[in-house]
Amino acid sequence: MKRRDFLKTTALTAVAGTLPGALAHAEETVWKTKLKKAMITKYPTEDTLTLWKRNGFTGCESTDWSCGPEKAAEARKVADRLGMEIHSVMRAWTNVNGPSFDSDVESMECALQTAQGYGANAVLWVPCRTGGTLPKPTDFQIDFDPETLRVTRVVAGDNTPYKDYIDAQNLATQTTLAAVKKLIPMAEKTGVVIGLENVWNNLWVLPDFFAALVKSFKSPWVQGYFDIGNHVRYAAPEKYIYALGSDIIKLHVKDFAFAPDEPNCGKFCGLRQGSVNWPVVRKAIEDVGYNGYMTLECGGEIGDLSRLLDDIIAGK
């Protein structure tokens with residue numbers, strides 16, 4: 001064989017040998033949306049942030065909402081130096097459907113100011129919760145007025161057994177609307193979004209209802225903080241993502257597994273061990289154009305969690 005023929009054959013063999021891998025790479029989805037990884041901590045410390053950065057995370061969410069803007073600014077300096085970001089603050093539960101919500105509004109004002117000190121752009125807030133006699137998750141069929149958000153029924157057929165719950169739902173909506181409107185000026189002043197979260201508070205449980213609540217304020221300072229694992233028993237997570245659309249400010253990440261013999265029951269479980277269809281969720285995130293943090297709210301070894309979240313972000 002002449003030298004030039006040998007070289008040509010060698011080159012073709014090399015290309016053929018790499019072709020399957022190249023084709024596999026070409027078939028991988030190229031996502032336009034950019035997602036970042038975060039975890040949750042109390043007051044962010046250098047040791048915690050250093051560990052997380054070493055494991056591929058770029059941000060954190062702080063549950064210390066009451067430390068005040070000055071102390072929060074100290075944590076921000078540490079995060080900035082490490083190349084990390086304190087991207088949000090968790091205020092979590094309050095009780096604005098109680099006799100008076102002035103103290104809850106004041107606590108949220110504190111949380112917004114603290115978030116500004118951290119350099120965060122959102123505060124997660126669950127304004128209230130309720131109980132009573134509720135339908136099974138799969139029985140919910142909520143009719144509500146799109147203008148007032150007042151509920152007229154929660155299931156098909158006879159709603160008499162759920163009258164107390166319907167009344168409690170309407171009270172919670174009324175007081176939440178009033179409380180959030182009081183907080184919008186502070187949100188605008190601090191430059192921090194009020195992120196209303198869906199959680200196990202028995203309120204606004206279906207995608208269109210939760211989205212209607214968020215969108216009713218017609219304000220860029222009120223958006224949805226959507227938890228992918230929280231409402232699996234009511235509807236697939238992607239349905240909430242499509243309903244909220246561009247009104248999603250943040251995403252929480254955890255998994256939920258249905259009980260094998262009862263679709264209304266189940267439990268939270270390890271990431272990617274439950275009933276969430278993660279590739280479908282990733283596609284929905286892409287379709288609505290969400291760019292931002294996916295913050296883990298689940299347990300596990302940090303290295304494993306980082307790799308699992310990488311797979312979710314890759315659409316696997």
Side-chain angles (χ1 to χ4, degrees), residues 90-109 111 123-184 187 194-219 221-227 229-237 239-240 243-244 247-248 252 256 262-266 268:
M90 184 189 293
R91 173 58 189 91
W93 300 93
T94 62
N95 190 35
V96 303
N97 55 343
S100 172
F101 56 69
D102 290 342
S103 62
D104 294 305
V105 168
E106 290 172 3
S107 75
M108 262 300 288
E109 289 176 338
V123 172
L124 179 156
W125 186 33
V126 183
C128 54
R129 56 182 141 184
T130 191
T133 303
L134 278 70
K136 292 182 178 180
T138 52
D139 289 343
F140 269 98
Q141 294 184 34
I142 301 176
D143 280 350
F144 62 93
D145 186 307
E147 295 298 323
T148 66
L149 303 182
R150 185 172 182 81
V151 169
T152 54
R153 72 168 193 172
V154 291
V155 296
D158 184 14
N159 277 252
T160 304
Y162 310 113
K163 182 182 183 304
D164 290 346
Y165 170 65
I166 292 172
D167 291 343
Q169 170 80 77
N170 288 331
L171 172 63
T173 298
Q174 177 185 346
T175 54
T176 295
L177 293 174
V180 172
K181 287 174 183 176
K182 281 191 172 186
L183 284 164
I184 289 176
I194 299 166
L196 297 177
E197 194 202 16
N198 67 311
V199 71
W200 287 40
N201 56 351
N202 303 319
L203 297 168
W204 317 297
V205 296
L206 296 185
D208 59 340
F209 195 15
F210 180 56
L213 172 73
V214 172
K215 295 173 185 292
S216 71
F217 298 99
K218 298 181 173 63
S219 170
W221 302 109
V222 183
Q223 297 185 48
Y225 198 129
F226 179 65
D227 187 307
N230 263 346
H231 272 27
V232 176
R233 60 183 186 155
Y234 295 104
K239 292 185 178 181
Y240 293 90
L244 287 164
D247 286 299
I248 298 173
H252 263 175
F256 183 89
E262 178 53 74
N264 294 294
C265 297
F268 293 113

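- Here the CG atom belonging to L196 is positioned 7.5 Å from the CH2 atom belonging to W204, to the nearest 0.5 angstrom.
- Side-chain atoms of D143 do not come within 3.5 Å of backbone N or O of R153 as any donor-acceptor pair.
- One finds the CE atom of M108 at 5.5 Å from the CH2 atom of W125 (value rounded to the nearest 0.5 Å).
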**Intermediate values then yes/no, side-chain contact (heavy atoms from CB on, under 4.5 Å), Y240 and I248** = CA-CA 10 Å; Y240 293 90; I248 298 173; over 6 Å; no
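- Between the side chain of D104 and the backbone N or O of P127 there is no donor-acceptor pair closer than 3.5 Å.
- Nearest heavy atom pair, residue V155 against residue Y162, reads CG2-CE1, 3.6 Å.
- Remark: E109 CD is packed, more than 12 non-hydrogen atoms of other residues, nucleotides or ligands lying under 6.0 Å away.
- In terms of heavy-atom proximity, P207 sits nearest to K239 at CB-O, 3.8 Å.
- Under 4.0 Å is where a charged nitrogen must lie from a carboxylate oxygen, and between K182 and D102 at least one such pair does.
- Two residues are said to be in side-chain contact when any heavy atoms from C-beta on lie closer than 4.5 Å; D208 and I142 fail this criterion.
- Summarising the geometry of N230 relative to N198, their closest heavy-atom pair is ND2-O, 2.9 Å, with the distance given to 0.1 Å.
- Within the model, atoms OG1 of T94 and CZ of R129 stand 9.5 Å from one another, a figure rounded to the nearest 0.5 Å.
- Salt bridge R150/D145: absent, no basic N to carboxylate O contact under 4.0 Å.
- No donor-acceptor distance shorter than 3.5 angstrom exists from the side chain of R233 to the backbone of A235, with no hydrogens or angles considered.
- The main-chain N or O of G224 is never found under 3.5 Å from a side-chain atom of D247 such that the two would form a donor-acceptor pair.
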**Request:** May I have the step-by-step check of side-chain contact (heavy atoms from CB on, under 4.5 Å) for V96 and V180, ending in yes or no?
**Result:** CA-CA 10 Å; V96 303; V180 172; over 6 Å; no
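- The distance from the CD1 atom of I166 to the CG atom of L134 is 10.5 Å, given to the nearest 0.5 Å.
- When all heavy atoms are compared, the tightest approach of L124 to E197 is CD2-OE1, 3.5 Å.
- In terms of heavy atoms, T130 sits closest to L203 at CG2-CD2, 3.4 Å.
- Taking CD1 of I194 as the reference point, atom NZ of K181 lies at 12.5 Å (rounded to 0.5 Å).
- For the atom pair CG (D227) and NE2 (H231), the distance works out to 9.0 Å, reported to the nearest 0.5 Å.
- A tilted orientation is assigned to the rings of W200 and F268, their planes being inclined by 30° to 60°.
- Applying the ring-ring contact (aromatic ring centres under 6.0 Å, His included) test to residues at least two apart or on different chains, the pairs with a partner in residues 131-155 are F140-Y234, F144-F209.
- In this structure, the side chain of Y165 does not engage the main chain of P135 through any donor-acceptor pair within 3.5 Å.
- Evaluation of the side chain to side chain contact (heavy atoms under 4.5 Å, CB included) rule for S216 yields L149, L177 as partners, not counting sequence neighbours.
- The two residues F101 and A178 come nearest to each other via the heavy atoms CZ-CB, 3.9 Å.
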